[in-house]
Amino acid sequence: MRLLVVEDEERMAAALSRGLTADGFAVDVVHDGKAGLEAARFGEYDAVILDVMLPGLSGYEVIRRLRADDNWVPVLMLSAKDGEYDQSDGLDLGADDYLTKPFSYVVLLARLRALLRRGVRARPAILTVGDLSLDPAAQRVRRGDTEIALSTREFTLLEYLMRHADQVLSKVELLDHVWGAPVDTDVNVVEVYIGYLRKKIDHPFDRRSVRTVRGAGYRLVPDQAEQR
């Protein structure tokens with residue numbers, strides 16, 4: 001397994017390189033964001049360990065550009081910034097995991113192995129289904145060039161539908177994952193919010209992207225106006 005370590009603290013980088021090499025990995029090390037971006041783009045690595053605070057380009061910018069290039073190499077971000085919004089920013093931009101300094105090498109190794117087991121999978125920072133797009137970080141939804149205003153609950157429901165596009169999702173599953181509601185909650189609240197979504201993302205555009213699957217639930221499909 002080939003790993004890229006992008007870390008400007010040379011002692012930290014050297015320690016990571018020694019430990020990972022001893023654990024059987026082939027390790028390359030670079031010390032700034034620009035070099036890290038180029039190496040990650042063209043080096044055919046199995047995973048990247050990426051610091052956030054880097055000269056040249058920040059780790060956030062490196063991951064943003066990689067994902068914009070449709071490069072889905074697994075990325076574990078390292079940072080001394082342990083705020084919840086710092087971690088959220090890294091994950092929303094496309095990182096696969098986020099570890100704050102100081103950290104246990106044993107934990108880093110375990111998380112790295114977990115990333116490698118998952119393999120390379122597309123995890124776009126901006127979700128798209130047909131001409132419908134949703135940006136979780138910016139909290140924005142568009143149908144083509146038209147921006148659509150959604151409530152927080154509507155946005156969360158649409159995001160879950162888009163992450164499971166073309167899959168049939170039951171009301172119970174949506175209630176659990178979107179509302180985090182207890183099992184005795186009335187599932188009809190899901191039907192109400194599906195109606196709200198349709199009025200905003202479908203009806204004004206003559207679309208039927210949110211489909212009802214009778215007796216099973218709902219499915220989001222990449223409906224286009226010219227298909228009907």
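Note that the structure is predicted; figures quoted are calculated from it, not measured.
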At what distance, to the nearest 0.5 angstrom, does CG of Leu37 lie from CZ of Phe42? 8.0 Å
Flag side-chain contact, heavy atom, 4.5 Å: Asn188 against Lys171: yes
Ionic contact status for Asp97 with Arg113, cut-off 4.0 Å: no
Shortest non-hydrogen contact from Leu115 toward Pro74: CB-CB, 4.2 Å
What verdict does the side-chain contact (heavy atoms from CB on, under 4.5 Å) test give for Val62 and Val75, after you've listed the backbone C-alpha separation in whole Å, the side-chain angles of each residue and the deciding distance to 0.1 Å? CA-CA 10 Å; Val62 171; Val75 174; over 6 Å; no
Short question: side chain of Asp32, backbone of Ala35 - any donor-acceptor pair under 3.5 Å? yes
On a heavy-atom basis, which atom in Arg163 and which in Pro136 lie closest, and how many Å separate them? NH2-CG, 3.7 Å
Distance (rounded to the nearest 0.5 Å) between Glu159 CD and Glu154 CD: 14.0 Å
Ignoring hydrogens and angles, state whether a donor on the side chain of Arg198 or Thr212 is under 3.5 Å from an acceptor on the partner side chain. yes
Determine whether more than 12 heavy atoms belonging to other residues, nucleotides or ligands lie under 6.0 Å from atom CE of Met162. yes
For the atom pair CG (Leu157) and OG1 (Thr152), what is the distance rounded to the nearest 0.5 Å? 12.5 Å
Tell me whether Val187 shares a hydrophobic cluster with Val192, the cluster being built from Ile, Leu, Val, Met, Phe, Trp, Tyr side chains joined at under 4.5 Å. yes
Given 3.5 Å as the limit, does a donor-acceptor pair link the side chain of Asn71 with the main chain of Val73, or not? yes
Taking the basic N atoms (NZ, or NE/NH1/NH2) and the acidic carboxylate oxygens, is any pair closer than 4.0 Å for Glu38 and Lys34? no
Counting distance only, does the side-chain N/O of Glu9 pair as donor-acceptor with the main-chain N or O of Arg11 below 3.5 Å? no
Same apolar cluster: Tyr218 and Leu127, side chain cutoff 4.5 Å: yes
Quick check: does any side chain N or O of Glu61 sit under 3.5 Å from a backbone N or O of Ser58, one acting as donor and the other as acceptor? no
Using the side chain to side chain contact (heavy atoms under 4.5 Å, CB included) definition, which of the options Leu132, Thr146, Leu161, Val129 pairs with Ile201? Leu132
Between Tyr45 (side chain only) and Val5 (backbone N and O only), is there a donor and an acceptor less than 3.5 Å apart? no
Say you draw a straight line from CG of Leu220 to CG of Asp166; how long is it, rounded to the nearest 0.5 Å? 8.5 Å
side-chain contact (heavy atoms from CB on, under 4.5 Å) assessment of Phe25 paired with Leu109: CA-CA 11 Å; Phe25 296 97; Leu109 189 60; 3.8 Å; yes
Under the ring pair (Phe, Tyr, Trp, His ring centres under 6.0 Å) definition, can you give me all pairs with a residue in residues 127-163, not counting sequence neighbours? Tyr160-His164, Tyr160-His177
What pair of heavy atoms forms the shortest contact from Leu54 to Gly59, and how long is it? CD1-N, 4.1 Å
Is there a path of hydrophobic side-chain contacts, each under 4.5 Å between heavy atoms of I/L/V/M/F/W/Y residues, joining Val221 to Val210? no
Lys/Arg N to Asp/Glu carboxylate O, Arg2 vs Glu44, below 4.0 Å: no
For the salt bridge (charged side-chain N to carboxylate O under 4.0 Å, His left out) test, which of Arg111, Arg67, Arg117 pairs with Asp96? Arg67
Checking side chain to side chain contact (heavy atoms under 4.5 Å, CB included) against Leu3, which of Asp28, Val48, Leu112 comes through? Leu112
Do you reckon Leu158 sits in the same ILVMFWY cluster as Val168, going by side-chain contacts under 4.5 Å, direct or chained? no
Drop me the distance from Leu76's CG to Ile49's CD1, to the nearest 0.5 angstrom. 5.5 Å
So NZ of Lys101 and CG of Leu108: to nearest 0.5 Å the spacing works out to 11.0 Å
Dump the intermediate steps for side-chain contact (heavy atoms from CB on, under 4.5 Å) on Leu150 and Leu197, then the final yes or no. CA-CA 8 Å; Leu150 299 180; Leu197 268 188; 4.2 Å; yes
Ser209 and Asp202: which non-hydrogen atoms are nearest, and at how many Å? OG-OD1, 2.5 Å
Please report the shortest heavy-atom distance between Leu4 and Gly36, naming the atom on each side. CD2-O, 3.7 Å
In this structure, would Val107 and Leu20 fall into the same cluster of hydrophobic residues linked by side-chain contacts under 4.5 Å? yes
Before you tell me yes or no, could you show the steps for Val6 and Asp51 under side-chain contact (heavy atoms from CB on, under 4.5 Å), namely the whole-Å CA-CA distance, both residues' side-chain angles and the distance that decides it to 0.1 Å? CA-CA 6 Å; Val6 189; Asp51 190 30; 5.9 Å; no
Electrostatic pair Asp131-Arg143, nearest N-O below 4.0 angstrom: yes
How close do Ala47 and Leu116 get, heavy atom to heavy atom, and via which atoms? CB-CD2, 3.9 Å
